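Here is the structure we will look at.
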Amino acid sequence: MRAAICPRYGPPEVVRVQEHPVPVAGPGQVGARVRAAAVNFPDVLLVAGTYQIRVPPPFVPGSEFAGVIDEVGSPDCGFSIGDQVTGTGMYGAFAERVVADTAAVTRRPDGLDAFAAAAGGVAYRTAYHTLRSTARLRAGDELVVLGAGGGVGLAAVQLGVALGARVTAVASSPEKLAVAAHYGAGTLIRHGDGPLRAALRTALPDGADVVVDPVGGELAEPALRSLRRGGRFVTVGYASGVIPSIPLNLVLVKGIHVLGFQFQDVPADQFERNEHELRDLLVSGRVSPHVGAVYPLTRTSEALRHVGDGRAIGKVLIDMS
């Protein structure tokens, strides 16, 4: 089979597409023909060797896919050959075929094609669990989304609107803000146009209820300052490459809550509720994942560069056809 291979740590350009041995599913695993795979920022970091977990090269990058099961590792695994599925893992998805643990694979809902399923996976699940359980977003809340043009950010804009919030989108370019507006953001702020703190004070004189931050860096503190008393700031990731330092006196004086999102921290009953609600939103079409760019497998390194440079709007996909 053909696969994108990271032969050594480095920039996206080290990745090469070549023939690779076909993996075999073992007990508790399934094999699947990949139809589409999503490119996520951690994929870029894994290739660079700078992610919090290191995968020894050579390896096949790619953490998210949609495809069709063509092998089961054991007859009692809960899946059958021909099942349409989505899956996640640390690596392996940028290939014509992938092997995944059954715990990391779910059936693709009827009515959701492979591209929408790949695009609506990790980013949308992250955003929905963040908003619904960690941030406890309510209808009518003022929601500020940093990095509103990226995968998690744009998902948070769409899902925040679906949950009834008033959304302020903060992004780096007019193009990203235009897409955020298309999906319902009512207030748009380009953070390069001036101090973010002043722009948020003008846009939200009474303060925000929730800030979702998948960016970190210099945007975090002014966004945190925009919260009204009792507001919730959720840190989701650090796409800027910089982990911010927050003056704790702001937390004390404003009585705000600073929270971190991890899937494993969502209570089991809420997790199932959130997954069901998100699935309904996607299948019904009330939320449609935005695919900003699609690359063939042969151009995987370009897709990684697109995401790594911060040019992605919504999701970037690899088309295995």
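Here the structure is a predicted model, which is why all the values come from computation and not from measurement.
The backbone N or O of Ala66 sits nowhere less than 3.5 Å from a side-chain atom of Arg108 that would complete a donor-acceptor pair. In this structure, Arg107 contributes its side chain and Val85 its backbone to no donor-acceptor pair below 3.5 Å. Arg2 places no side-chain N or O within 3.5 Å of a backbone atom of Glu96 that could act as its donor or acceptor partner. The closest donor-acceptor contact from the side chain of Arg286 to the backbone of Val283 lies at 3.5 Å or more, if one exists at all. Not a single donor-acceptor pair under 3.5 Å links the side chain of Arg35 to the backbone N or O of Phe65. Side-chain atoms of Asp113 come within 3.5 Å of backbone N or O of Ala116 as a donor-acceptor pair. At least one donor-acceptor pair under 3.5 Å links the side chain of Asp319 to the backbone N or O of Ser321. When atom types are taken as modelled, the side chain of Arg232 and the backbone of Ala135 share a donor-acceptor pair closer than 3.5 angstrom. Between the side chain of Asp280 and the backbone N or O of Glu277, no donor-acceptor pair lies under 3.5 Å.
Here side-chain hydrogen bond (donor to acceptor under 3.5 Å, both in side chains) pairs that include residues 194-205, with residues two or more places apart or in two chains, number zero. Applying the side-chain hydrogen bond (donor to acceptor under 3.5 Å, both in side chains) rule to pairs touching residues 145-161 yields Tyr124-Gln158, sequence neighbours excluded. Applying the side-chain hydrogen bond (donor to acceptor under 3.5 Å, both in side chains) test to residues at least two apart or on different chains, the pairs with a partner in residues 42-63 are Asn40-Ser63, Asp43-Ser63. Applying the side-chain hydrogen bond (donor to acceptor under 3.5 Å, both in side chains) test to every pair with at least one member in residues 253-272, sequence neighbours left out, gives these pairs: Ser133-Gln270.
The OG atom of Ser172 sits 10.5 Å away from atom CG of Asp193, with the distance rounded to the nearest 0.5 Å. To the nearest 0.5 Å, atoms CG (Leu250) and CG (Leu224) are separated by 6.0 Å. For the atom pair Glu64 CD and Leu317 CG, the distance stands at 8.5 Å (nearest 0.5 Å). For the atom pair CD of Glu175 and CZ of Arg311, the computed distance is 12.0 Å after rounding to the nearest 0.5 Å.
Val14 and Ile318 fall within the same hydrophobic cluster, defined by Ile, Leu, Val, Met, Phe, Trp and Tyr side-chain heavy atoms under 4.5 Å apart, directly or through other members. By the criterion of side-chain heavy atoms lying less than 4.5 angstrom apart, applied directly or through intervening Ile, Leu, Val, Met, Phe, Trp or Tyr residues, Val145 is not grouped with Leu188; the two fall into different hydrophobic clusters. Under a hydrophobic clustering in which Ile, Leu, Val, Met, Phe, Trp and Tyr are joined whenever their side-chain heavy atoms come within less than 4.5 Å, directly or via other members, Tyr91 and Ile53 fall into the same cluster. The hydrophobic cluster containing Leu177 does not contain Leu143, counting ILVMFWY residues as joined when their side-chain heavy atoms lie under 4.5 angstrom apart, directly or transitively. Under a hydrophobic-cluster definition in which Ile, Leu, Val, Met, Phe, Trp and Tyr are linked whenever side-chain heavy atoms come within less than 4.5 Å, directly or via other members, Val236 and Phe41 are assigned to different clusters.
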Going by atom type alone, with no hydrogens or angles, which donor-acceptor pairs under 3.5 Å involve a side-chain atom of residues 237-244 and a protein atom two or more places apart or on another chain?
from   : atom 1 : to     : atom 2 : distance (Å)
Tyr238 : OH     : Thr235 : OG1    : 3.0
Ser240 : OG     : Val215 : O      : 2.8
Ser240 : OG     : Gly217 : N      : 3.3
Ser240 : OG     : Val242 : N      : 3.2
Ser240 : OG     : Val242 : O      : 3.4

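Between Arg305 and Pro11 there is a side-chain heavy-atom pair separated by less than 4.5 Å. Residues Cys77 and Val30 form a side-chain contact, since some pair of their non-hydrogen atoms from C-beta on lies under 4.5 Å apart. Residues Phe261 and Thr126 form a side-chain contact, since some pair of their non-hydrogen atoms from C-beta on lies under 4.5 Å apart. Residues Pro289 and Lys315 form no side-chain contact, since every pair of their non-hydrogen atoms from C-beta on lies 4.5 Å or further apart. No side-chain heavy atom of Arg225 sits under 4.5 Å from any side-chain heavy atom of Phe233. The shortest side-chain heavy-atom distance between Arg166 and Glu142 falls under the 4.5 Å cut-off. Looking at heavy atoms from C-beta onward, Leu196 lies in side-chain contact with Leu219 at the 4.5 angstrom threshold. Counting heavy atoms from C-beta on, the side chains of Ile5 and Val60 come closer than 4.5 Å.
Around atom CG of Asp110, no more than 12 heavy atoms belonging to other residues, nucleotides or ligands sit under 6.0 Å away.
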* Could you go through the side chain to side chain contact (heavy atoms under 4.5 Å, CB included) check for Tyr183 and Val161 one step at a time? => CA-CA 8 Å; Tyr183 288 108; Val161 171; over 6 Å; no
* To do: Step by step, work out the side chain to side chain contact (heavy atoms under 4.5 Å, CB included) result for Arg279 and Tyr128.
  => CA-CA 11 Å; Arg279 189 178 303 112; Tyr128 198 75; over 6 Å; no
* Asked: Can you list the steps and then say if Phe94 with Leu304 is a side chain to side chain contact (heavy atoms under 4.5 Å, CB included)?
  -> CA-CA 11 Å; Phe94 297 163; Leu304 289 163; 4.1 Å; yes
* To do: Mind running side chain to side chain contact (heavy atoms under 4.5 Å, CB included) on His290 and His182 for me, showing each step along the way?
  => CA-CA 11 Å; His290 182 85; His182 173 77; 5.8 Å; no
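Closest heavy-atom contact between Ala171 and Lys176: CB-CB, 3.9 Å. For Leu131 against Ala156, the heavy-atom pair with the smallest separation is CD1-O, 3.7 Å. In terms of heavy-atom proximity, Ala117 sits nearest to Thr86 at CB-CG2, 3.5 Å. Residues Ala25 and Gly31 share a closest heavy-atom pair of CB-N, 3.8 Å. Annotation for Ala38 and Ala118: closest pair CB-O, 3.6 Å, computed over non-hydrogen atoms. In terms of heavy-atom proximity, Val15 sits nearest to Ala4 at CG1-CB, 3.8 Å.
For His129, the side chain to side chain donor-acceptor pair (under 3.5 Å) partners are Asn274, Glu275, not counting sequence neighbours.
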